[in-house]
Amino acid sequence: MSTTTESGKPVVRFAPSPTGYLHIGGGRTALFNWLYAKGRGGRFLLRIEDTDRERNNPAAVAAILDGLTWLELDWEGEPVSQFAQAPRHREVAEALLASGNAYKCYLTAAELDEMRKAAEAEKRPLTIRSPWRDRDPAEAPAGVPHTIRLKAPREGETVVDDRCQGRVTFANKDLDDLIILRSDGNPTYNLAVVVDDHDMGITHVVRGVDHLTNAARQTQIYNAMGWRVPVWAHVPLIHGADGAKLSKRHGAQGVEEYRSMGYLPVALRNYLVRLGWSHGDDEIMSTEQLIQWFDIDDINKSASRFDFKKLDDLNAHYIRQSDDAELVRRVRDMLPHLDFVALAVITPDPKAPPRSDIALAREVASVLPDVQTGADLAQRFEAKGWDRFAAAIPSLKERAKTLADLVSGALYLVAERPLKLDEKAAKLIDAEAKSLIGGLLPQLEAASAWTAADLEAAVRTHAETTGAKLGKVAQPLRAALTGRTVSPPVFDVMAVLGRDEAIARLKDHMS
RNA sequence: GCCCCGUUCGUCUAGUGGCCCAGGACGCCCGCCUCUCACGUGGGUAACAGGGGUUCGAGUCCCCUACGGGGCGCCA
């Protein structure tokens, strides 16, 4: 399974621990790795860090793969299960023991506890110094289980030459002999990572800075095995808007939440890549450009804060740029992930990110009270025909920040007659409006063509002959046709609705 | 507590000793466009954490302080 890299092309990996979802920060790490590999003809591999049996959960693994797939980050081959490599990890631990680079340690939990307490009492940093490092194993107490510890150097320093963090040195006296094999015979994380990265032929390790000290420990294992240390790149973390570690209360941790909020993968990628990395003043970059331009040397060292406003702007840009068929496909893919009933009861924190999925849920609750989930709503659109939705998209996508906005803007299509008008819309339909529309109706019924351009011409003429401003007639039309004061251009709305439906909606409000 | 790392407009960032009385983007504010909302467009607001050095010259180099973050498991 061992691969060499005579080609000089990088082999990188993304190695998430299966926690149940793909963390947004992990998504960016995966993106960095993916871009680096793609840009250099390298390989992007996946490994699941499931050494801990409790994390060995197929559903959690599936969620991560699903997240990566949605983000459109493809990996090579089957994901490696770290847990499955345990025998090989043990083998390496034995080899280290045999070469004198590791030793059996009979320290008990109670003894360790004592050392910890003593260190605390003396206000001195705790560094475990196992007496078994130099003690004759023959003196080992019978029946006491042992761990295997690395015989780490105590003098000098361990250097992590990092492409992102620079040259970081750790004094070996501060690093204790880490356990590589637990007393139950299972490998620990640091051993497993080193062995797997070596066996997978990983040349560059790109991961979060929270692993920086692990890099020092892992370097000691590489050295003890005489293996080549990979190139390190420890990237800064992403924080919430308040600067604290990104957590649930910041809105969204898992990439699947961004999917259900209506973000496009291409937009999320563009947003994420600019967190900690830049290419001059470039903001909107195609995937091809990113692949060409991305380099780990250009990643910053400081953490960044997540800003939904900017993500929204990027997402709006990519929605405008997407073709209509793709947007329909995206909406149909997203809808099943929405539960309007659950969303509608969320009280948005005014300081929290704007949630257009929540806004949509409220809209649905008021306009289509019997619709409970995205799947229900999808059926409504299905019944009208998705082509009607597609026809509405050109004018809708100009003003949508998210796919949820697109759906919300298209709600007028599936609304039931007679339309329930919102408060502002109802106020627009006064006596004057009724008379204007009443005068217009016969012309509409007689109109030879029902296109936006023809309708606009007809309405403009009607406005001129009656001496009314265009807004005086357009606004009430909008209100009667959509139930709202805000919508795409009203002539587009009429065209999409079709003659019969449009005229019927107008008549509904004439009495 | 100890060990590492960081700190440029509200936010993401450009900037690698003179091109910077600091540029771009998002946001925000004021116009224009306009059937509403957007888009687009014109303009505006706003930052080198603080203090010492080095240098003819510092956002850029060095030191200290403050603040922030990460790590200190037989978790990953």
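Small disclaimer: the values here were computed from a predicted structure and weren't measured. All chains are named by letter (A, B, ...) in the order of the sequence lines, taking the proteins before the strands, and each is independently numbered beginning at 1.
In the interface, the side chain of Asp281(A) is paired with the base of G23(B) through a donor and an acceptor atom under 3.5 Å apart. The base of C39(B) has none of its N or O atoms less than 3.5 Å from a complementary donor or acceptor on the side chain of Arg399(A). Side-chain to base pairing of Thr213(A) with C72(B): no donor and acceptor N or O lie closer than 3.5 Å to each other.
Proximity of Ser278(A) to the phosphate of A14(B): a side-chain N or O atom is located under 4.0 Å from OP1 or OP2. For the OP1/OP2 pair of G6(B) and a distance below 4.0 Å, the side-chain nitrogens and oxygens of Lys301(A) include at least one atom meeting the criterion.
Only the C1' atoms considered, A58(B) is 15 Å distant from C19(B), to the nearest whole Å. Straight-line distance between the P atoms of A25(B) and G44(B): roughly 13 Å, to the nearest whole Å.
In the set U13(B), C4(B), C26(B), U13(B) carries the atom at the smallest distance from any side-chain atom of Arg274(A). Of all nucleotides listed (C3(B), C74(B), C12(B)), C3(B) comes nearest to the side chain of Asp174(A). Comparing C35(B), C12(B), C39(B) by their closest approach to the side chain of Ser304(A) singles out C12(B).
A76(B) makes up no base pair with any nucleotide shown, lacking Watson-Crick or G-U wobble contacts both under 3.5 Å. U55(B): no Watson-Crick or G-U partner with both key distances under 3.5 Å is found in any strand. Nucleotide A66(B) forms a pair with U7(B), judged by Watson-Crick or G-U wobble geometry with both contacts under 3.5 Å.
Spacing between atom CG of Leu150(A) and atom P of C74(B) amounts to 14 Å, rounded to whole angstrom units. The nearest whole Å value for the distance from the CZ atom in Arg217(A) to the P atom in C72(B) is 8 Å. One atom, CD1 of Ile238(A), and another, C1' of G6(B), lie 16 Å apart when rounded to the nearest Å.
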